[in-house]
Amino acid sequence: MERTTDADRINEIQHSAQPCFQCGICAASCPIFRVAPDFNPRMAVDEVLRTGTVAMTGREWFCAYCLMCEERCPMEVALSEILIDIKNLSANDGKVPPSIIEMMDVIRFTGKVSHASKRTEKKRRELGLPELPKPDVDEVQTIFEMTGALDRLMRFREAEVEPE
Amino acid sequence: MTTSDSVSDAGTGVEPKVEAAESEIRIGVFPCKCGKNIGAVVDIDTVAEYAKTLPGVVHVQVNTYTCADPGQKEIQEAIREHNLNRIIVASCSPTMHEDTFRKTVKGAGLNPYLCIMANIREHVSWVHQQDPEGATTKAKELVAMAVAKATSLVPQPELDVPVTPSALVVGAGVAGMQASLDLADMGYKVYLIEKEPTIGGIMAILDKVFPQNDCSICILGPKMVDVIQHPNIKVISMAEVDEVSGYVGNFSVRVRQRARYVDPDACTACAECIEVCPVDIPSRVDQNLTWKKAIYIPFPQAVPSSYVIDPEACLGMDLLRCGKCYEKCEQHAVIPEDEDKIIEFEVGVIIIATGFEPADPKKIPRLGWGRYPNVITSLEFERLINAAGPTEGKLVRPSDITKPKSVAIVQCVGSRDIHTRMGCSNFCCAESVKCALLIKEHYPETEVVIYYQDLRMHGKYFEDQYHKAREEGIKFIRGRVGEIQEYPHTKNLRISVEDTTHNELLLVDFDMVILSMGAEGVAGNVPLPISVTQDKFYIESHPKLRPVDTSSAGVFICGGAESPKDIRDSVIQASAAAGRASIILQRGRYPIEALSARIQQDICSRCGTCVKRCPYGAIIQDGTGRYTVMGALCQACGTCAGDCPKDAIVMPNFTNEQIFAQIETALKENPEEKIVAFACAFCSYRGSDLAGVSRMQYPTNARVIRAMCSGRYSVKFAQRAFELGAGSVLYSGCHLPADCHFQTGNHWMAKREPRIRNWMKRKGINDERFRIEWVSAGEGKKWQQIMTDMSEIAMKHADEIRKKRTAKSKGKTKGGKQAKSKRSPKTQGTKKGKKKTTKTKRKKED
Amino acid sequence: MRFALFPGCTISDRLPFIEKSIRMIAPHFNIELIDLPFTCCPEPNSVRSFSDKTWLTMGARNLALAEEAGVNIMTACAGCFESLSMSKHVLDSKPSEKEEVNKVLKKIGKEYKGQVEVRHIQQVLYEDIGIEEIQRNVQYPINYRAVIHPGCHTLRPQKILNLDDAEAPMKLDELVRAIGMESLDYMDKVMCCGAGVRGINREIAFGVLREKMDSMMMVDPEVAVVFCPTCFISFEAGQKVVNRMFDKKYNLPVYYYTEILAAAMGLEGVESILSEHRVKFSALGMLVAKNEPEIENATPH
Ligand SMILES: Cc1cc2nc3c(=O)[nH]c(=O)nc-3n(C[C@H](O)[C@H](O)[C@H](O)COP(=O)(O)OP(=O)(O)OC[C@H]3O[C@@H](n4cnc5c(N)ncnc54)[C@H](O)[C@@H]3O)c2cc1C
Ligand code: SF4
Ligand code: SF4
Ligand code: SF4
Ligand code: SF4
């Protein structure tokens with residue numbers, strides 16, 4: 001894609017943060033900020049604008065991607081997207097919450113985030129639901145390889161771990 | 001704008017008559033040394049000798065300072081002595097002295113438009129200091145180009161039109177009232193049109209007005225009476241302008257006045273009728289917070305002081321359906337058969353003072369207005385706190401009519417937001433502080449908090465207000481409110497806002513919230529071709545130097561219609577607009593642009609393209625389908641001519657014939673090495689002059705052709721230049737999007753680019769040989785760079801041509817040598833040379 | 001109407017009874033559903049945050065599948081709706097991204113062209129079928145006091161999803177009213193349920209849910225109605241966690257819209273769906289069992 005390197009991505013983040021005039025509407029709208037005072041989306045933008053760099057504090061992962069901030073920003077700063085970008089930068093650095101690694105692994109081997117347990121399979125049969133066509137896991141593997149997800153997973157942990 | 005027959009007659013009446021060219025063209029050329037400015041580089045005597053050989057030239061006279069008194073006298077004497085009928089002064093830029101020399105020739109009895117200039121200073125001696133030979137050649141060719149053009153110059157009539165000594169003022173807010181009073185006091189007749197049943201505008205329904213917080217209607221009321229009683233002012237209320245035709249000095253106006261159903265002269269405002277009227281409707285003046293009757297007066301001080309019937313709400317004024325007011329009114333003021341009226345009149349000038357509307361809170365749903373009753377706008381607050389308002393001045397919550405103990409004021413609502421309006425509305429910060437102070441004044445125990453993003457208390461006395469507000473204990477918190485939520489049972493409100501100073505989320509409960517509303521433009525609701533901004537405010541002629549003029553001569557703007565502003569600024573602007581308008585009225589006559597476009601009816605195919613091009617609405621179609629130019633509106637940009645598919649439009653002094661003659665002359669010698677550069681008079685040509693004034697050196701191969709506006713450059717100019725072998729062609733205009741002196745000429749020129757490029761492709765002409773550039777009057781440096789680059793392109797092309805030629809004449813040894821001797825005009829215009837000169841210049845400055 | 005049903009992993013693999021309710025009502029509104037070998041949409045927050053290229057390419061693969069089959073996608077999950085709509089938006093508005101993605105898809109024999117549309121089932125019901133048609137199908141109006149939760153990823157970004165007004169949504173309210181319920185206005189209606197950070201930080205996630213549910217409870221609702229399985233889990237299972245964590249006593253039955261629609265339509269087999277709920281609503285169960293409205297003494301327990 002266009003942003004091939006981290007530097008490109010940082011540039012893009014800076015560029016899209018520029019219109020921000022620090023009104024605080026995003027912060028006032030963020031459900032996370034309401035319960036976690038150290039996660040302030042405005043400050044995330046402010047940091048980019050002030051320091052010219054993107055600090056990956058780990059707090060970026062607190063964003064629930066609810067898009068409230070982005071919807072209301074009077075300057076149309078794509079804040080949720082900026083946070084996604086920052087998280088991608090952290091991911092590239094290997095700084096990822098374990099739950100996400102777990103999820104990525106499950107997807108990698110099943111194509112789904114939550115693979116049906118025996119119990120649900122039984123339930124589906126009881127309810128008379130059709131068996132859903134299974135995605136080709138090789139295709140998922142190929143996508144993981146070619147789009148860098150595999151690299152990032154490897155970077156996070158050296159040894160490959162099969163789920164369950 | 002449309003026209004009636006009488007107007008188009010007036011339009012054609014002032015169309016210049018083309019005088020038959022005199023039997024013999026007798027051109028006088030006056031090369032100037034400008035002391036050493038030109039003389040030290042250009043060999044003026046050679047130029048003079050050369051000029052004598054040019055067709056039509058009968059007299060050549062060199063001068064040291066042509067612009068000085070003796071020089072001008074010499075021109076006048078020569079005209080008389082040699083019977084000259086075309087004058088060319090080869091000296092400095094026409095920007096500098098064209099006016100001077102036009103006056104000179106006029107003094108000798110010659111039509112001033114028969115005098116043109118060849119710019120051999122800014123375009124030659126100052127920019128080719130190291131290449132006297134090349135400079136002299138260029139000077140010769142520039143003179144030849146001028147001579148070629150002069151041959152087909154024709155006299156242009158200098159006309160003016162009489163001015164009707166009256167004015168139309170649209171909108172009777174405080175701005176429109178002030179402008180009307182000023183003009184009326186000067187003795188001019190004023191027609192003041194107001195769409196509402198009363199004059200006064202927004203100010204009339206405000207309670208107190210900042211910065212002194214004095215009573216609004218107490219200061220406005222007397223002024224409203226002055227307006228209605230002024231013998232020179234005719235107030236036409238409940239009316240809108242239907243149509244305006246004509247031009248500066250002679251506008252015909254048609255106004256439609258809605259039926260009032262009450263005779264304002266008979267009505268004594270006794271209020272007997274409202275006792276009997278059975279219909280209740282929401283009161284608009286009171287922001288729908290209360291009711292009024294179907295027969296009503298907007299507010300007690302309304303002017304005209306008369307009731308009015310809302311025909312949509314009224315049950316029927318006949319006795320069968322209702323007619324109670326008709327029966328009751330002892331003055332017999334109710335007129336059931338009243339009808340809309342058309343009123344027509346003539347004016348010389350127009351002032352637009354249509355104000356603005358408060359922003360629409362429905363467009364910002366996150367703040368809950370409309371869903372939550374206790375969220376009100378600042379205008380609703382003005383009515384609630386107003387003694388004449390729905391609650392007789394008691395501040396109460398709409399949900400339960402109780403007094404609020406805490407009030408939040410939310411700033412920047414509808415302003416500074418891409419989704420509504422980007423601009424700051426200018427008055428709302430002071431408005432908020434005023435609201436806060438008013439609450440404190442009436443109910444000191446109320447808690448009032450203002451949530452602001454930037455408190456812009458910029459006006460005179462504003463800071464005092466702010467200071468006072470702080471003293472009163474009003475709280476100010478920096479942060480823009482994200483959302484307002486209503487508690488389901490109490491109908492109290494919870495606002496969420498970040499205190500950005502402390503990086504802290506605040507969820508705070510209030511009894512009531514006031515939204516400080518910004519402004520929404522209404523410009524464009526008058527049928528006049530004045531451009532408006534994206535957010536619907538009128539665009540001024542120049543933001544700094546002509547702030548109340550518009551692009552249409554004789555039409556002025558003021559007050560909120562121009563941009564959101566407070567009362568004081570509205571009044572200042574209104575007086576300014578009246579002053580500017582009175583200049584036209586007082587002179588009694590208005591000069592018409594002598595070089596205005598003319599449509600040759602026998603060639604015109606009636607396609608109507610020109611109408612779309614003209615930024616001034618100067619081209620109209622008359623009853624017979626003919627398109628004609630209204631001389632008084634045309635500003636002579638030539639954009640229409642640039643796109644006329646039939647070449648039916650004549651732009652005097654910039655005709656196709658004249659421009660082609662210039663192109664052909666420029667390309668007589670070594671066309672492949674030449675840059676044919678078109679520059680517009682107001683930006684690019686001045687930019688090229690600046691390069692000269694700053695002595696920025698570049699190669700000598702450019703031949704600049706001046707036009708009034710880049711909109712004039714038709715596709716054919718580039719085509720002709722390339723057909724004649726030009727090395728490269730430049731179209732240069734004022735910067736996009738908004739710098740064009742003629743508003744949109746540059747846009748239309750830019751739109752022609754694909755056509756030119758496609759044509760070039762078909763002809764196998766290298767794409768890089770044509771360029772469009774935007775050069776402002778301040779960009780001499782850019783001009784130098786463009787000239788240098790385009791010169792390289794031309795020289796590259798010339799090289800290719802030479803190579804082709806030698807390839808063709810292989811075996812014959814003759815051509816090669818000749819070609820070599822013709823290599824590039826030796827100048828310091830190469831990149832290296834350029835660096836050197838800038839360096840030396842810098843040294844000088846040090 | 002023919003759609004590829006995109007139930008999403010959460011519904012198909014964790015909440016199959018929701019899928020059942022969709023398949024139950026579909027034929028009554030002439031909706032024909034086909035199944036395709038979709039992967040995860042993928043999940044809009046975590047996957048995209050981990051690697052946005054992977055997210056986009058997997059999304060494009062899903063879109064390409066439907067394109068190949070010549071049908072539009074109907075999603076049942078707000079997350080899938082947002083994720084696929086966003087992928088589509090990026091792919092359609094940035095040709096260079098589309099080109100890159102198609103290079104990868106080519107390796108697995110697929111191509112995204114840009115012809116497929118992504119709809120949420122709420123859009124199909126509200127826009128294509130319409131309130132009146134739904135009302136016509138309701139046999140046993142259920143007149144409980146409901147709070148609805150539209151869900152972040154059906155509302156925002158409004159410019160792209162265009163499902164309802166992002167600040168004052170009314171369409172789900174109209175849909176629940178169509179089956180006889182009263183839709184209660186409450187504070188924080190458009191607020192997030194916190195699901196997005198459940199895996200990252202439980203205190204925050206359930207703190208958000210507590211805020212949200214506190215606001216809901218202010219209006220004394222009898223049921224909550226959602227249109228997203230993730231929100232369903234947040235409220236249904238999450239309220240018990242909130243009760244433990246913050247010493248609350250929530251006991252609010254939660255329904256995915258088509259479940260109660262199926263009940264109101266009196267469709268056979270509804271009991272088997274509702275019996276899967278953790279927070280049961282006896283009155284509704286009784287109603288369904290008897291197939292007759294019994295609303296007087298309805299109390300959540
Ligand atoms: C809530 C609020 C509070 C304010 N408080 C203050 C204050 O305390 N102090 C202060 O200095 N300023 C204040 N202002 C700003 C002040 O209102 C404006 O500066 C002022 O009204 C501008 O005057 P105007 O004549 O240009 O426009 P307006 O007052 O808007 O008058 C325009 C008039 O033109 C009429 N009109 C519009 N279109 C047409 C048409 N096509 N044909 C005929 N008539 C037309 C309208 O009906 C109106 O009567 C406030 C503004 C608002 C909204
Ligand atoms: S809402 Fe937008 S402009 Fe305001 S602080 Fe947040 S990012 Fe900046
Ligand atoms: S998208 Fe993230 S930062 Fe923005 S409001 Fe939602 S949780 Fe907060
Ligand atoms: S005629 Fe109309 S305005 Fe007069 S009293 Fe009756 S309803 Fe009112
Ligand atoms: S386009 Fe320019 S030259 Fe043509 S009529 Fe209009 S103002 Fe005059």
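Naming convention: chains lettered A, B, ... in sequence-line order (proteins, then strands); numbering from 1 in each chain.
Listed by sequence position, the residues of residues 130-138 of chain A in contact with chain B number zero, using a 4.5 angstrom heavy-atom cutoff.
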Would you mind checking chain A against chain B for donor-acceptor pairs under 3.5 Å and listing them?
unit_1, atom_1, unit_2, atom_2, d
A/Phe21, O, B/Gln453, NE2, 3.3
A/Gln22, O, B/Arg478, NH1, 2.8
A/Gln22, O, B/Arg478, NH2, 3.0
A/Cys23, O, B/Arg480, N, 2.9
A/Ala28, O, B/Ser496, OG, 3.1
A/Asn40, ND2, B/Glu498, OE2, 2.6
A/Asn40, ND2, B/Asn503, OD1, 2.6
A/Arg42, NE, B/Glu498, OE1, 2.6
A/Arg42, NE, B/Glu498, OE2, 3.2
A/Arg42, NH2, B/Glu498, OE2, 2.7
A/Arg42, NH2, B/Thr500, O, 3.4
A/Arg72, NH1, B/Glu483, OE1, 3.1
A/Arg72, NH2, B/Glu483, OE1, 2.9
A/Pro74, O, B/Ile418, N, 2.8
A/Glu76, OE2, B/His419, NE2, 3.3

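Proximity to chain B (any heavy atom under 4.5 Å) is shown, for A/Cys30, by neither the backbone nor the side chain. For chain B, the nearby part of A/Met43 is the side chain; its heavy atoms alone come within less than 4.5 Å. Proximity to chain A (any heavy atom under 4.5 Å) is restricted, for B/Leu507, to the side chain, taken from C-beta onward.
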